[in-house]
2 protein chains.
Amino acid sequence: MKKTDATAPAGPPRDTDELWSSTLAAETPFLLARARALVVKGSNQVLRELGLNVRTFSLLWLTTEDYSPTQRQLSDFLDLDPSQIVALIDSLESQGLVERRLNPADRRMRQIVATTRGRKLLTKARAAVDESTARTLGALSADQQDQLRELLLAVNQATPYYE
Amino acid sequence: MKKTDATAPAGPPRDTDELWSSTLAAETPFLLARARALVVKGSNQVLRELGLNVRTFSLLWLTTEDYSPTQRQLSDFLDLDPSQIVALIDSLESQGLVERRLNPADRRMRQIVATTRGRKLLTKARAAVDESTARTLGALSADQQDQLRELLLAVNQATPYYE
DNA sequence: ACCAATTCGTTGAACTTGTCAATCATTACG
DNA sequence: CGTAATGATTGACAAGTTCAACGAATTGGT
């Protein structure tokens, strides 16, 4: 049930089927990378009309749950350079979705918190991303989707970033 | 058994643990992206000393199994712009790992085939990547690793790239 | 209480990737 | 035979990554 149907929908029916028979196409790393690309692509597509992308979406999410994370924490957690965090927050802040709060106890740190507007937008964005993801993972049953999540969770929890 | 041990190994023990409690950290898209990042990072690390990276590695792989793929096929299959394929093959060709063969039947197409040197290098590279991946997925049993692969395969086969 | 070292956020530069339009050679099609 | 389409290539530009340096603030040792 791949792309081998007579009624090709949009793009021209290119013959990559051959390459799907390669041994590479059966390797977990390859499948993992491609699955992630599919999910990200779908998510970015629905997030675009909300003025977000996967990056800003994730960042906004993390600021809506009363952790009030520091930019350094966000940098470590998302495995992004501190300077990238600066740019992303600049963007979100200029849209009035988050704000930087100086930590009074340690005035080097800025804690990032979502505004009301940011929280509202995130709600919409989560719904859109959920729907997109459900479509992308649609080939799996609910149980299988749970299994997948659990397996990925185990992998993630076992391995810190700095190895 | 995460990074919450008293004997922190290398990097400074930053407190991202808080953020691991966020709901984002339990979402499949997030876990998928991060697992992929871990696998890619590990692979690139061991591939670097062979003069490769995941990109060139995958490309080389696809040229060693008698499919003799076209650059267009590689572009579609790997979801890379045709111009990126040009650059990647230029790189591999300059190292004597692959060569472009004009298709006599249709002289617009160049079929990419690995040289003997390329095949030998790929063998080494596959071993290195296998080992690295085994380490990254080490928290999963063999059965679980199979499950993971099957689930990812299902997702991939269900969804073509142009959606 | 002081000074050195460290941390956080920020800026800017260099570099790699991603995206897209234009072009040339070649083939397909009316 | 001529127009359209395709594969590969080039070059321009935007977006993302990596890294070094810096100012402000804090920590720790002496």
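By convention in this document, chain letters (A, B, ...) are assigned in the order of the sequence lines, proteins followed by strands, and residues within each chain are numbered from 1. Quick caveat: nothing in here was measured; it's all calculated off a predicted structure.
A/Asn156 approaches B/Leu31 most closely through the heavy-atom pair ND2-O, 3.0 Å. The heavy-atom pair separating A/Thr63 from A/Arg119 by the smallest distance is O-NH2, 4.1 Å.
Side-chain N/O atoms of A/Arg55 include one lying less than 4.0 angstrom from OP1 or OP2 on D/dT17. Taking 4.0 angstrom as the limit, B/Gln84 places none of its side-chain polar atoms (N or O) nearer than this to OP1 or OP2 of D/dT9. Put simply, B/Gln71 has a side-chain N or O that comes within less than 4.0 Å of OP1 or OP2 on D/dT9. Between B/Arg107 and C/dT26 there is a side-chain polar atom (N or O) within less than 4.0 angstrom of OP1 or OP2. Of the side-chain N and O atoms in B/Arg72, none sit less than 4.0 angstrom from OP1 or OP2 of D/dT9. Between A/Arg110 and C/dT10 there is a side-chain N or O to OP1 or OP2 distance below 4.0 Å.
For the pair A/Lys41 NZ and D/dA15 P, the computed distance is 17 Å after rounding to whole Å. Distance B/Asn44 CG to D/dT18 P: 10 Å, rounded to the nearest Å. The distance from atom CG of A/Asp90 to atom C1' of C/dT11 is 11 Å, rounded to the nearest whole Å. In this structure, CG of B/Leu102 is placed 11 Å from C1' of C/dT26, rounded to the nearest angstrom. Between the CG atom of A/Asn103 and the P atom of D/dT26 there is a distance of 9 Å, given to the nearest Å. In this structure, B/Leu80 atom CG and C/dT16 atom P are separated by 17 Å, rounded to whole Å. Here C/dG9 presents its P atom at 16 Å from CD of A/Glu99, a figure rounded to the nearest Å. At whole-Å resolution of the value, CG in A/Leu59 and P in C/dG9 are 12 Å apart.
Residue-environment remark: CZ (A/Arg101) stays at or below the threshold of 12 foreign heavy atoms within 6.0 Å.
When heavy atoms are screened at a 4.0 angstrom cut-off, B/Ser75 is found touching no nucleic acid atom at all.
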Original post:
Given B/Ser83 and B/Asp81, is the side-chain hydrogen bond (donor to acceptor under 3.5 Å, both in side chains) satisfied, shown in steps?
Top reply: CA-CA 5 Å; B/Ser83 59; B/Asp81 191 86; 2.5 Å; yes
Subject >> Intermediate values then yes/no, side-chain hydrogen bond (donor to acceptor under 3.5 Å, both in side chains), A/Gln95 and A/Arg117 >> reply: CA-CA 9 Å; A/Gln95 298 173 64; A/Arg117 181 140 167 259; over 6 Å; no
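Ion pairing between B/Asp79 and A/Arg34 fails under the 4.0 Å rule for side-chain N and carboxylate O.
If you find the closest nucleotide of DNA chain C to A/Asp81 and to A/Met109, the one lying nearer the 5' end belongs to A/Met109. Take the nearest nucleotide of DNA chain D for B/Gln111 and for A/Asn53: the residue whose nucleotide is more 5' is B/Gln111.
In this structure, the ring of A/Phe77 has its center no less than 6.0 angstrom from the ring center of A/Tyr67.
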Please list, pair by pair, any protein nitrogen or oxygen found under 3.5 Å from a nitrogen or oxygen in nucleotides 28-30 of chain C.
none

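For B/Ser83 against C/dC20, a side-chain-to-base donor-acceptor contact under 3.5 Å is present.
Between B/Glu65 and A/Thr23, the side chains place a donor N or O and an acceptor N or O closer than 3.5 Å (distance only, hydrogens not considered).
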